[in-house]
Number of protein chains: 2
Amino acid sequence: MSVIFSKKCEYALQAILYLASKDEKEYFSAREIAKDLKIPKEFISKILQSLVNFKIVGSKKGKNGGFYLAKNPNKIRLIDIVEAIDGLDVFTTCVLGFPECSYDSPCPVHSEWGKLRSLAYDMLSSQTIDHFTEKTLKKINQL
Amino acid sequence: MSVIFSKKCEYALQAILYLASKDEKEYFSAREIAKDLKIPKEFISKILQSLVNFKIVGSKKGKNGGFYLAKNPNKIRLIDIVEAIDGLDVFTTCVLGFPECSYDSPCPVHSEWGKLRSLAYDMLSSQTIDHFTEKTLKKINQL
DNA sequence: ATTAATTCGGATAAATTAATCTTATTAAAC
DNA sequence: GTTTAATAAGATTAATTTATCCGAATTAAT
């Protein structure tokens, strides 16, 4: 099965969109995020922890603690989330898996695929979370 | 780690490019393909078997047998290989993993990502193996 | 202080994907 | 016909990804 983002990355994006759709400076526990987004609680906890390490999300321990966005949604690019969770290897390593593939010694599909990959990278780099918050609100209410 | 194609799919594409770069109607054994492309022999055998089932590759059993392209390289699109090995779900299911995502009820990144995905699909659909054979010859000689 | 609810970190388990092994079948060459 | 070299198919193992579990630390409320 081909895939573009790992499950972790999908969940991370969902969780961030969720937090962005809520009021600032409130704490949302892994439990309620998991429940609302229908993601396994333990798994989303781990992912949120990673995002905390990357300073994208903040957390508060103890009773009534939880998670919140550590940055303004207009400062969080989609690519930042991909980088934090999956890394940026997809954008640099050969699609065909040829270890010898490079600009100077490209694999057969290098240039064609490279264009597309640049487009993806540019899209993910230009789009920030705030572009999506309104849509997110609508979507979450359906879940 | 995000990824675009599975390893299987990468190997399948490599093997097909390999066969396309060779003379027609000669048989190439899994052993020599594996050796030349530096892919585990047993694994590439399995993958070639799948491609045989999809009529993209043909095979001949017994001594001096092996694999060959069952179709003209200009009739084999990249998307055919992806479809045979990984399926086309990447192009239809939600990038965010929202099960409720659809045209009528799109997920927040639906339209932005959708454009990109269409581009990918179009690219893979329009490019056929023969476009790459010359480049492949160069590349294989380096391995 | 005690309790309850939370994050955090490490360990473990389950599921999926990747890779290997084994045996059967096929067909050419001797 | 026997041997040899190949694909085919099923079973098994290994590695990776996904998911869960548990115990410790933290903090608010009682």
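A note on names: the letters A, B, ... follow the listed sequences, proteins ahead of strands, and every chain is numbered from 1. Treat the numbers as computed from the prediction; the structure is a model and nothing was measured.
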Query raised in the report: Any donor-acceptor pair under 3.5 Å linking the side chain of B:T133 with the backbone of B:D130?
Result: yes
Report task. Report which part of the nucleic acid A:K60 touches: base, sugar-phosphate, or nothing (heavy-atom distance under 4.0 Å, all strands). Result -> sugar-phosphate
Report summary line: Between CZ of B:F43 and P of C:dT22 the distance, given in whole Å, is 19 Å
Requested in this report: Check whether any side-chain N or O of B:S59 sits under 4.0 Å from OP1 or OP2 of D:dA8, and answer yes or no.
Outcome: yes
**Report entry** Output field: ring centroids B:Y27/B:Y68 closer than 6.0 Å
**Finding:** yes
Query raised in the report: Taking the nucleotide of DNA chain D with the closest heavy atom to each, which residue, A:K63 or B:F28, is nearer the 5' end?
Result: B:F28
Requested in this report: Return no unless some side-chain N or O of B:R31 is found under 4.0 Å from OP1 or OP2 of D:dA6.
Outcome: yes
Query raised in the report: C:dT7, D:dT7, C:dT20: which one has an atom nearest the side-chain heavy atoms of B:E42?
Result: C:dT20
Report task. Tell me whether the OP1 or OP2 atom of D:dA19 has a side-chain N or O from A:Y11 closer than 4.0 Å. Result -> yes
Report task. Identify the residue among B:I56, B:L17, B:T128 that makes a side-chain contact (heavy atoms from CB on, under 4.5 Å) with B:I76. Result -> B:I56
Requested in this report: May I ask which nucleotide in the shown strands pairs with D:dT30, Watson-Crick or G-U wobble, both distances under 3.5 Å?
Outcome: C:dA1
Report task. Send over the distance from A:Q49 CD to D:dC21 C1', rounded to a whole Å. Result -> 13 Å
Requested in this report: Go through D:dA19, D:dT18, D:dT7 for me and flag the one nearest to the A:P40 side chain.
Outcome: D:dA19
Requested in this report: Taking the side chain as every heavy atom from C-beta outward, state whether A:L124 and A:I81 have any atom pair closer than 4.5 Å.
Outcome: no
Report task. Remember a base hit wins even if backbone is also touched, and classify B:G65 as base, sugar-phosphate or nothing at under 4.0 Å, heavy atoms. Result -> sugar-phosphate
Report summary line: The answer to which of A:G66 and A:K46 contacts DNA chain C further toward the 5' end, by nearest nucleotide, is A:G66
Query raised in the report: What's the CG-C1' distance between A:L48 and D:dA19, to the nearest Å?
Result: 15 Å
Query - Whichever of A:K7 and A:N64 has its nearest DNA chain D nucleotide further upstream toward 5' - result: A:K7
Report task. Identify the residue among B:N74, B:L78, B:N72 that makes a side-chain contact (heavy atoms from CB on, under 4.5 Å) with B:I129. Result -> B:L78
Requested in this report: Take atom CG of B:D86 and atom C1' of C:dA18, then tell me their distance rounded to the nearest Å.
Outcome: 13 Å
Query - A:F67 side-chain proximity, nearest of C:dT25, C:dC8, D:dA19 - result: C:dC8
Report summary line: Ranking D:dA8, D:dT7, C:dA18 by distance to the side chain of B:S6, first place goes to C:dA18
